[in-house]
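Read the structure below first, then the notes.
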Amino acid sequence: AYERTCRYLAKNSNSVFVSVGYRLAPEYPYPTQFEDCLAATVHFMRIAEDYGVDPARVIICGDSSGGTLAAAVAQAMTNRKDLPALRAQILIYPFLQAVSFDLPSYEQNKGVPVLLRKRTLSLGLKYINKEQSLIDEILKGVQMPRDLESKYEKWLNPDNIPEAFKPRDYQQRKTKQFSEDRFRLLKPFLDPVFSPLLAEDAVIAQLPETFVLSCEFDVLRDDVLLYKKRLEDHGIKVTWCHLEQGFHGII
C-alpha cells in the first residue's frame, strides 16, 4: 500500500528509504510492532554506510499508527550510546495518547470518516487484544486513577491547545468514575510505547528536530498540537504543517 508513496518521497527528497514491514496485530500482539521497528532502525543504522547513508543523518518517519511507532522508536533511541542520534523525526497525523478522548478535536470530529472516535478506540483495543465492549466505559474515563490524571493534566490540558481550534461551546468532561479493574485491564494504554505523549520530560528533552503534520478534520489533530507544545517547551525545533481542509489518511 505504501510502496508508491515511499518511492515518490525517496525520488523527490533524494533520500534512501527503508520501509519496515513490521508484523501486525492481532496475530502478533502489542508491542511486537514497536519491537520490530526498533530492531529494524538499530540494524539499519549499524549498516547504513553499506547503502551510502551517513548514520548521523537518519530520519524516522511514519503516519497514523506508523507515526505512533516512529515517535516511540525516537524516544527509545534517546538512550542509545552505541549509535549516532537520530537526525529528525517526521510524524504525520500520529496517534499519541490514550488518556483523553474528549479533547476538542475528538468532540469536533467524532463522526468524521475515516477515523471516527469509536473506531479509534476499537483499533486501540484490537491492538492490545481487549474486548470491544470496553469502548463506552473508556469514553467515560473509568480507567484513569486520580493521581495519574493529575500527572497527565499538565500535558493534556485543553488550555495547551490554541483557542482557534476549540468550538465555542467546548467543555471538557469533569466527573469521572474510576474502576481499578479497568485500570489494570487497560494499563498498556498508559505505556509511552502506546502513548508517546505520556513520556517523561527527561525523554522528551532529548528528542531530535521534528516535523509534525495535523489535519483539521481529524480526531488526532489535538494529539499533534499537544505534542508540538511539549517539544517546543523543551527547546526542540518543530516544523508544523496544518492542513485546514485535511482529514485523517489524506496522504
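Numbering of residues begins at 1 and proceeds along the displayed sequence. Just so you know, these numbers use all the heavy atoms, side chains as well, and skip hydrogens, waters and symmetry mates.
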For [X], salt bridge (Lys or Arg N to Asp or Glu O under 4.0 Å) partners two or more places apart:
| X | result |
| --- | --- |
| Glu163 | Lys166 |
| Asp63 | none |
| Glu3 | Arg7 |

Where at least one partner belongs to [range], residue pairs that pass salt bridge (charged side-chain N to carboxylate O under 4.0 Å, His left out), sequence neighbours excluded:
| range | value |
| --- | --- |
| residues 113-138 | Glu107-Arg117, Lys118-Asp136, Glu137-Arg182 |
| residues 192-209 | Arg87-Glu209, Lys151-Glu200, Asp201-Arg230, Glu209-Lys237 |
| residues 68-78 | none |

Item to check | Phe247: hydrophobic cluster co-members (side-chain, 4.5 Å) | outcome: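 Answer for Phe247: Ile59, Ile90, Ile92, Tyr93, Val112, Phe211, Leu213, Phe217, Leu243, Ile250, Ile251.
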Next on the checklist: Under 4.5 Å side-chain heavy-atom separation, chaining through any Ile, Leu, Val, Met, Phe, Trp or Tyr, what else clusters with Leu9? Say none if it is isolated.
Outcome noted: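 Tyr8, Phe17, which link up through side-chain heavy atoms under 4.5 Å apart, make up the rest of the cluster.
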Item to check | Pair Arg23 + Glu27, salt bridge at N-O below 4.0 Å | outcome: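 Salt bridge flag = no for Glu27 with Arg23.
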Item to check | Contacts of Tyr127 that satisfy ring pair (Phe, Tyr, Trp, His ring centres under 6.0 Å) - sequence neighbours left out | outcome: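 Only Tyr30, Phe194 meet the ring pair (Phe, Tyr, Trp, His ring centres under 6.0 Å) criterion with Tyr127.
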Next on the checklist: Is it the case that the side chain of Thr32 and the backbone of Pro29 share a donor-acceptor pair, with hydrogens and angles ignored and the cut-off at 3.5 Å?
Outcome noted: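 Indeed, once roles are kept as given, a pair shorter than 3.5 Å links the two residues.
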Item to check | Asn109 and Leu220, any side-chain heavy atoms less than 4.5 Å apart | outcome: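 Heavy-atom side-chain distance check fails, nothing below 4.5 Å.
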Checklist entry - Are the side chains of Leu225 and Asn160 in touch, meaning some heavy atoms are under 4.5 Å apart? => result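 Side-chain contact under 4.5 Å: no.
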Next on the checklist: For residues 129-169, which residue pairs pass the ring-ring contact (aromatic ring centres under 6.0 Å, His included) check, not counting sequence neighbours?
Outcome noted: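 Residue pairs with at least one partner in residues 129-169: Phe165-His242.
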Only distances under 3.5 Å count here; give the side-chain donor-acceptor pairs of residues 64-80 to other protein atoms, sequence neighbours excluded, each with its distance to 0.1 Å.
| residue | atom | partner | partner atom | Å |
| --- | --- | --- | --- | --- |
| Ser64 | OG | His248 | NE2 | 2.7 |
| Thr68 | OG1 | Ser64 | O | 3.4 |
| Thr68 | OG1 | Phe95 | O | 2.7 |
| Gln75 | NE2 | Pro196 | O | 2.9 |
| Gln75 | NE2 | Tyr227 | OH | 2.9 |
| Thr78 | OG1 | Gln75 | O | 2.6 |
| Arg80 | NE | Asp82 | OD1 | 3.1 |
| Arg80 | NH2 | Asp82 | OD2 | 2.8 |

Checklist entry - Tell me the side chain to side chain donor-acceptor pair (under 3.5 Å) pairs involving residues 9-22, sequence neighbours left out? => result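 Those involving residues 9-22 are Ser13-Ser15.
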Next on the checklist: Checking Ser100 against Asp102: is there a side-chain donor and acceptor pair closer than 3.5 Å?
Outcome noted: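 Yes, a side-chain donor-acceptor pair sits under 3.5 Å.
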